[in-house]
Amino acid sequence: MENCLFCEWKDEKEKIILENEYAFARFDEFPVSKGHILFMTKRHVTDFFGTTAEEKKAIFELMDQAKEMIDEKYHPNGYNIGMNCGQAAGQSVMHVHVHLIPRYDGDVENPRGGIRGVIPKKQSY
């Protein structure tokens with residue numbers, strides 16, 4: 001697709017850290033934490049719900065490999081896995097991508113509620 005940042009990224013081979021037939025991974029350019037990685041399909045797809053079974057499997061296979069790399073290099077204490085589907089959910093690049101965000105003890109005052117923090121008033125329950 002024309003003017004899609006992530007479609008362009010698939011040609012930047014020197015920045016790709018993992019790849020398979022349907023997907024690729026690279027470090028996030030604006031990382032939330034050390035080791036933050038993005039996983040994208042090679043085919044232009046707007047969001048996760050438009051991916052094929054093969055693309056979903058490919059993304060999660062790369063994620064398993066990436067977790068091993070991150071564990072070895074950074075030794076995080078936990079992970080958040082997330083994706084934004086649609087502008088209302090915060091998606092800013094309209095090409096499916098999944099975030100693997102390593103978490104570290106003390107990186108936020110109170111991590112309870114994790115991903116629920118996308119709506120701050122709902123994080124604590």
Side-chain angles (χ1 to χ4, degrees):
M1 173 162 197
E2 193 174 316
N3 297 321
C4 173
L5 176 64
F6 293 167
C7 286
E8 293 172 10
W9 277 12
K10 71 181 173 203
D11 297 324
E12 296 179 4
K13 298 295 186 191
E14 71 282 357
K15 293 184 180 180
I16 293 174
I17 57 172
L18 294 167
E19 181 177 21
N20 58 30
E21 184 178 357
Y22 297 103
F24 67 100
R26 57 185 273 175
F27 287 105
D28 192 292
E29 292 190 347
F30 301 97
V32 172
S33 65
K34 292 181 297 189
H36 180 171
I37 295 177
L38 294 178
F39 305 86
M40 292 138 292
T41 57
K42 290 182 177 179
R43 179 176 71 96
H44 182 81
V45 183
T46 302
D47 67 39
F48 188 75
F49 297 107
T51 59
T52 65
E54 293 84 6
E55 288 167 330
K56 287 177 177 77
K57 181 179 179 198
I59 287 170
F60 289 110
E61 285 175 354
L62 293 180
M63 192 175 299
D64 286 342
Q65 294 171 32
K67 181 190 179 295
E68 288 182 26
M69 290 172 36
I70 296 167
D71 285 347
E72 189 173 307
K73 184 171 183 175
Y74 297 111
H75 310 287
N77 306 102
Y79 285 91
N80 288 113
I81 299 168
M83 63 188 90
N84 305 314
C85 298
Q87 288 181 335
Q91 186 176 1
S92 58
V93 178
M94 296 302 149
H95 184 124
V96 62
H97 55 288
V98 181
H99 296 259
L100 179 62
I101 303 173
R103 298 299 304 274
Y104 301 90
D105 288 342
D107 62 2
V108 296
E109 187 177 323
N110 181 7
R112 188 169 191 273
I115 198 73
R116 295 173 61 91
V118 299
I119 300 178
K121 290 190 273 186
K122 300 288 185 174
Q123 185 169 358
S124 295
Y125 55 97

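The structure displayed is predicted, hence computed values, not measured ones.
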For the side chain of [X] and the backbone of [Y], is there at least one donor-acceptor N/O pair under 3.5 Å apart?
| X | Y | value |
| --- | --- | --- |
| Lys56 | Thr51 | yes |
| Asp107 | Tyr104 | yes |
| Asn20 | Ala58 | yes |

ask   = Would Lys15 count as a cation-pi partner of Phe27, with NZ or CZ less than 6.0 Å from the six-membered ring centre and within 45° of the ring normal?
value =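 The answer is no, since Lys15 fails at least one limit relative to Phe27.
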Rounded to the nearest 0.5 Å, what's the gap from [atom1] on [X] to [atom2] on [Y]? Could you check?
| X | Y | atom1 | atom2 | value |
| --- | --- | --- | --- | --- |
| Glu55 | Thr41 | CD | OG1 | 5.0 Å |
| His36 | Ile101 | NE2 | CD1 | 4.0 Å |
| Phe60 | Lys67 | CZ | NZ | 15.0 Å |
| Ile70 | Ser33 | CD1 | OG | 8.0 Å |
| Leu38 | Asp28 | CG | CG | 4.0 Å |

message = Please tell me whether His95 and His97 form a close aromatic pair, meaning their ring centres lie under 6.0 Å apart.
response = no
Donor on one side chain, acceptor on other, Arg103 and Asn80, under 3.5 Å = yes
Would you say that more than 12 heavy atoms from the other residues, nucleotides or ligands in this model lie under 6.0 Å from the [atom1] of [X], or not?
| X | atom1 | result |
| --- | --- | --- |
| Glu72 | CD | no |
| Lys121 | NZ | no |
| Glu109 | CD | no |
| Glu29 | CD | yes |

inquiry  = If the threshold is 4.0 Å, N to carboxylate O, is there a salt bridge linking Lys42 and Glu21?
reply    =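 Between Glu21 and Lys42 there is no salt bridge, as every charged N stays at least 4.0 Å from the carboxylate O atoms.
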